[in-house]
Amino acid sequence: MEVFFDSPGPGSHATSITVTGASSMDEALRAAQNRIYAEYGTDRYEVIITPPSGAPAEADRYEMSVSITDSQTDNEAS
């Protein structure tokens with residue numbers, strides 16, 4: 001199984017993650033969570049992974065939407 005995720009770096013982002021070689025949606029979702037939380041699994045970030053609805057376009061390829069919200073914004077005015 002492979003997980004493809006190009007980290008967008010710090011800040012808030014809407015991006016995607018692709019998992020290939022998974023035997024089920026649950027397995028793909030766990031792999032996606034493990035990869036993203038390895039980098040963004042802190043109190044600073046809220047991560048929401050939206051699994052695909054319905055069957056994947058290819059038998060073992062799952063593409064998911066990812067929303068990463070950074071709670072430390074630089075919008076404070078003096």
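By convention here, the first residue in the shown sequence is residue 1.
- Residues in residues 4-24 take part in no ring pair (Phe, Tyr, Trp, His ring centres under 6.0 Å) pair, two or more places apart or across chains.
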Identify every side-chain donor-acceptor pair in residues 42-49 under 3.5 Å, counting partners at least two apart or on other chains, and give the distances.
unit_1: T42; atom_1: OG1; unit_2: R44; atom_2: N; d: 3.3
unit_1: R44; atom_1: NE; unit_2: D70; atom_2: OD1; d: 2.8
unit_1: R44; atom_1: NE; unit_2: D70; atom_2: OD2; d: 3.2
unit_1: R44; atom_1: NH2; unit_2: D70; atom_2: OD2; d: 2.8

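- Each of T20, T18, I17 was compared with V3 under the side chain to side chain contact (heavy atoms under 4.5 Å, CB included) criterion, and only I17 meets it.
- Using a 4.5 Å heavy-atom threshold, the side chains of S16 and M64 count as separate.
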Show the atom names and distances, to 0.1 Å, of all donor-acceptor pairs under 3.5 Å that link a side chain in residues 34-41 to residues at least two apart or in another chain.
unit_1: N34; atom_1: ND2; unit_2: R30; atom_2: O; d: 3.3
unit_1: E39; atom_1: OE1; unit_2: S7; atom_2: OG; d: 3.2
unit_1: E39; atom_1: OE2; unit_2: S7; atom_2: OG; d: 2.4
unit_1: Y40; atom_1: OH; unit_2: S7; atom_2: OG; d: 3.1
unit_1: Y40; atom_1: OH; unit_2: G9; atom_2: N; d: 3.1
unit_1: Y40; atom_1: OH; unit_2: G9; atom_2: O; d: 2.9

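- With sequence neighbours left out, the side-chain contact (heavy atoms from CB on, under 4.5 Å) criterion links A22 to M1, V19, E27, A28, Y62.
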